[in-house]
J.: 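One structure is given below, represented as structure tokens, and several questions about it will come after.
Just so we're on the same page: letters track the sequence lines, and every chain starts at 1. Values in this document were obtained by computation on a predicted structure and should not be read as measured data.
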Amino acid sequence: MWQRLRGKGRLTPEDVDQALREVRLALLEADVHFKVVRDFVARVRERAVGEEVMKSLTPAQQVVKIVHEEMQALMGATGARLQMSPHPPTVILLCGLQGAGKTTFAAKLAGWLQRQGRRPLLCAADLQRPAAVEQLQVNGRQVGVPVVAPEPGQHPQDVAADAVARARSLPADVVIVDTAGRSQADIELMTELRTVRDRIHPHEVLLVLDAMAGQDALGVARGFAEGVGVDGVVLTRLDSDARGGAALSVRAIIDRPIKFVGSGERLDAIEPFHPERMASRILG
Amino acid sequence: VGGRRALDAETIEELEGVLLGADMGAAETERLIGVLREAAATERLAPEEVPERLRELVAGDLRGAARPLRRAASGPTVVMMVGVNGSGKTTTAAKLAHLLRSEGATTLLAAADTFRAAAAEQLGVWAGRAGVDLVRHTAGGDPSAVIFDAVTAAQARGLDSVICDTAGRLHNKANLMAELQKMVRVAGRACPGAPHEVLLVLDASTGQNGLVQACVFTEAVRVTGLVLTKLDTTARGGIVLAVHRALALPILYVGVGEGLADLRPFDADAFATAVLG
Ligand SMILES: Nc1nc2c(ncn2[C@@H]2O[C@H](COP(=O)(O)OP(=O)(O)OP(=O)(O)O)[C@@H](O)[C@H]2O)c(=O)[nH]1
Ligand SMILES: Nc1nc2c(ncn2[C@@H]2O[C@H](COP(=O)(O)OP(=O)(O)OP(=O)(O)O)[C@@H](O)[C@H]2O)c(=O)[nH]1
Ligand SMILES: [Mg+2]
Ligand SMILES: [Mg+2]
């Protein structure tokens, strides 16, 4: 679409509308939430119509420039800035839907922090999924990070509290707590998540989200933000060919930074979030 | 022009929201709204009749999709669960084993995910709960070998079926798709006609990439049907319409929870009502 526009000199209002129709389709195809698309296109139209034509750009280039600028603004800053506590341990609580990639990410983050010279400790607080504890233990061994596992009779908040206590004596300066997958609409499980949070006072609550998620991602992000509070987002399975529009929806609805991405199944496939790369990926 | 008021701009915008928000996609949304507009004009639909007509359209599109699990003409029915990471294959394999057992069929589970941490252990817990045997090898082994052993075991024991779990894999990873192709071939070698079912397990919250997944998996390993999981969450599963339209894939089951009994046969009417919220 940009190729066709680039050849033009002056853009008519019809040209702007046609370009915006194509932007809208591209964003919907990329799984950006339809309400976010509506707002985005309206903002771009407003700027395209109202803006002074710059001498150095053709009007077509100007629309392209506006779209990219608005995307960048929405995407936020480069990721990977974790709030480290001045009084260790820093406590990081992971949450998200079933199958989003939390357990794998917990180990990836631990490995990443270890490579940065920190002393992480993993906590297997998913007591519901069969062999979830084992999964984290195997992953923990693979990255060389110890895992605090549940004792008989414990609830998730007890295991988490144990891990924080254990960190002080190890010593470990970061505790990463894995939790069971849950729907933001599950009242009982969201209450459980809040109980875990209130017991360990995390410095960071990270929402782990699948990059292949569709429109539902907006409601999920809002639900977790309202239900437990979200400080940052992790986008997994970015090694897929999904466009990842859910990233834009989440940014628009909860205005929290995307801190990391999961880029593969191996435990070293973790990277800081790059907003410009994500923006181009979504725009296709 | 009285009855032609059924689809005013406000109604269209509202319908777009419902359809797009359910992951139907822009093309399918446009098509359905076009059909509704036509119906409203020619049949003078009252505004209050529009939601039911839309529900009917969606249900109608999917009514042919439901079908029961195939049964092999002789020997065990071999079922393989395939799909991208985290979609619900392992849990669905267990649910299916439980369902078959509750229908009086004999079955066993095959832990052919030899890659992911504690995958066999996870299926092992489920096998125990479902009261079925599990065939597994040590972690890191050849997944095709597990398939071969499980199918031959099912044959030797005269079981009705064998349900093979496989590792999650992204369809854009050629080596992983090649591995899956090999597993399918090996199943066929162990038992002619196998696998009788290759079920693509699709997470209902998947966006437009779900269509790409379905196309690539079907191209690679001749998917015979779909299972749509996590419909008990806020995920609507609307992507299944585009998948069914593009590939005419049957939809056998829907997953509606994390428990052993949380698997239901696909029902077009129930789905249409739910997907339109
Ligand atoms: N390709 C790819 N696969 C990933 C990535 N992150 C996680 N996975 C895979 O996704 C699947 C699910 O990951 P888990 O870590 O078990 O997800 P979870 O959120 O802990 O799942 P529940 O505990 O059941 O809610 C596994 O097969 C992982 O290997 C990623 O970045 N890329
Ligand atoms: N709410 C809900 N959760 C489900 C459903 N099916 C599976 N899950 C959950 O989704 C998560 C992932 O399920 P798995 O069965 O491990 O998925 P998988 O496809 O085998 O994952 P990989 O082998 O890692 O690719 C688990 O927490 C399951 O309990 C469902 O129908 N509803
Ligand atoms: Mg987990
Ligand atoms: Mg599995």
Side-chain angles (χ1 to χ4, degrees), chain A residues 24-35 37-38 97-104 107 128-142 180-186 210-220 223 236-237 239-246 264-265 267, chain B residues 13 16-27 29-30 84-91 94 115-129 139 167-173 176 203-210 212-213 216 229-230 232-239 258:
Chain A
R24 174 179 176 273
L25 277 182
L27 293 178
L28 286 175
E29 224 163 85
D31 292 321
V32 180
H33 194 274
F34 74 91
K35 287 185 183 158
V37 174
R38 229 171 246 172
L97 295 177
Q98 292 90 346
K102 299 173 293 301
T103 304
T104 309
Q128 109 90 13
R129 170 172 154 153
V133 173
E134 264 129 302
Q135 183 186 358
L136 190 61
Q137 285 174 321
V138 171
N139 283 339
R141 270 197 297 281
Q142 285 169 340
R182 72 203 65 220
S183 165
Q184 81 286 356
D186 188 318
D210 183 350
M212 301 185 268
Q215 301 279 307
D216 196 45
L218 188 93
V220 171
T236 61
R237 301 199 274 265
D239 47 321
S240 70
D241 54 8
R243 298 264 290 279
E265 290 192 76
L267 297 180
Chain B
E13 179 142 329
E16 271 187 354
V18 169
L19 295 171
L20 288 173
D23 284 313
M24 301 263 190
T29 297
E30 196 170 329
V84 302
N85 310 73
S87 63
K89 298 173 293 301
T90 303
T91 312
F115 169 76
R116 209 212 65 219
E121 284 73 15
Q122 181 189 7
L123 194 59
V125 173
W126 280 122
R129 291 179 188 177
R169 69 200 65 230
L170 293 181
H171 51 281
N172 56 319
K173 306 227 166 146
L176 298 183
D203 185 326
S205 69
T206 310
Q208 298 310 302
N209 193 253
V212 183
Q213 287 174 31
V216 176
T229 61
K230 310 179 194 174
D232 52 305
T233 65
T234 52
R236 305 267 206 82
I239 190 60
E258 300 192 69

J.: Could you give the distance from CD (Gln213(B)) to OG (Ser240(A)), rounded to the nearest 0.5 Å?
T.: 8.0 Å
J.: Using non-hydrogen atoms and a 4.5 Å limit, figure out which bit of Arg129(B) sits close to chain A: side chain, backbone, both or neither.
T.: side chain
J.: Sort Glu13(B) into side chain, backbone, both or neither according to what part of it lies under 4.5 angstrom from a heavy atom of chain A.
T.: both
J.: Between Leu28(A) and chain B, with a heavy-atom cut-off of 4.5 Å, which part of the residue counts as in contact: side chain, backbone, both or neither?
T.: both
J.: Looking only at heavy atoms and a cut-off of under 4.5 Å, which of Ala117(B), Gly124(B), Gly86(B) has the most pairs with chain A?
T.: Ala117(B)
J.: Against chain A, label Leu19(B) side chain, backbone, both or neither, depending on which of its atoms sit under 4.5 Å from a heavy atom there.
T.: neither
J.: Would you name the heavy atoms of Ala131(A) and Ala118(B) that are closest together and state the gap between them?
T.: O-CB, 3.8 Å
J.: Could you walk me through whether Glu265(A) and Leu170(B) pass the side-chain contact (heavy atoms from CB on, under 4.5 Å) check?
T.: CA-CA 10 Å; Glu265(A) 290 192 76; Leu170(B) 293 181; over 6 Å; no
J.: Please state whether the side chain, the backbone, both or neither of Gln98(A) comes within less than 4.5 Å of a heavy atom of chain B.
T.: both
J.: Heavy-atom pairs under 4.5 Å with chain B - which of Gln184(A), Arg243(A), Met212(A) has more of them than the others?
T.: Met212(A)
J.: Counting heavy-atom pairs under 4.5 Å to chain A, which of Thr29(B), Leu20(B), Thr233(B) comes out on top?
T.: Leu20(B)
J.: Using non-hydrogen atoms and a 4.5 Å limit, figure out which bit of Arg38(A) sits close to chain B: side chain, backbone, both or neither.
T.: side chain
J.: Just wondering, more than 12 heavy atoms not from Lys35(A) lying within 6.0 Å of its NZ?
T.: no
J.: I'd like to know if the side chain of Asp241(A) reaches the main chain of His171(B), judged simply by a donor and an acceptor atom lying under 3.5 Å from each other, with no hydrogens or angles considered.
T.: no
J.: To the nearest 0.5 angstrom, please state how far the CD atom of Glu258(B) sits from the CD atom of Gln128(A).
T.: 4.5 Å
J.: Side chain from CB out, backbone as N, CA, C, O: work out which of these in Asp186(A) comes under 4.5 Å of a heavy atom of chain B, or both, or neither.
T.: neither
J.: Quick one: salt bridge (Lys or Arg N to Asp or Glu O under 4.0 Å) partners of Glu121(B), sequence neighbours excluded?
T.: Arg136(B)
J.: What is the distance from atom OG1 of Thr236(A) to atom CG of Asn85(B), rounded to the nearest 0.5 Å?
T.: 9.0 Å
J.: Take Arg129(A) and Gln122(B) through the test side-chain contact (heavy atoms from CB on, under 4.5 Å) and record every step on the way to the result.
T.: CA-CA 8 Å; Arg129(A) 170 172 154 153; Gln122(B) 181 189 7; 3.4 Å; yes
J.: For the atom pair CZ (Arg116(B)) and OG1 (Thr104(A)), what is the distance rounded to the nearest 0.5 Å?
T.: 7.0 Å
J.: If every non-hydrogen atom of Asp23(B) is compared with every non-hydrogen atom of Gly214(A), which pair is closest and at what distance?
T.: OD1-CA, 3.4 Å
J.: Drop me the distance from Asp210(A)'s CG to Asn209(B)'s CG, to the nearest 0.5 angstrom.
T.: 9.0 Å
J.: Taking atom CD of Glu16(B) as the centre, report whether more than 12 heavy atoms of other residues, nucleotides or ligands fall under 6.0 Å from it.
T.: yes
J.: For chain A, which of Val125(B), Val212(B), Thr206(B), Asn172(B) has the most heavy-atom pairs under 4.5 Å?
T.: Asn172(B)
J.: Who wins among Ala246(A), Pro130(A), Ala30(A) for the most heavy-atom pairs under 4.5 Å with chain B?
T.: Pro130(A)
J.: With rounding to the nearest 0.5 angstrom, report the CD to OG1 distance, Gln215(A) to Thr234(B).
T.: 12.0 Å
J.: Minimum heavy-atom separation for Asp216(A) to Ala235(B), with atom names?
T.: OD2-N, 3.6 Å
J.: With a 4.5 angstrom heavy-atom cut-off, which part of Gln142(A) approaches chain B: side chain, backbone, both or neither?
T.: neither
J.: Find the one option among Glu134(A), Arg24(A), Arg237(A) whose heavy-atom pairs under 4.5 Å with chain B are most numerous.
T.: Arg237(A)
J.: Heavy-atom pairs under 4.5 Å with chain B are the metric here; pick the option from Gly181(A), Ser183(A), Gly219(A) that has the most.
T.: Ser183(A)
J.: Under the rule for side-chain contact (heavy atoms from CB on, under 4.5 Å), what residues qualify as partners of Arg182(A), not counting sequence neighbours?
T.: Thr179(A), Ala180(A), Leu189(A), Met190(A), Glu192(A), Leu193(A), Phe224(A)
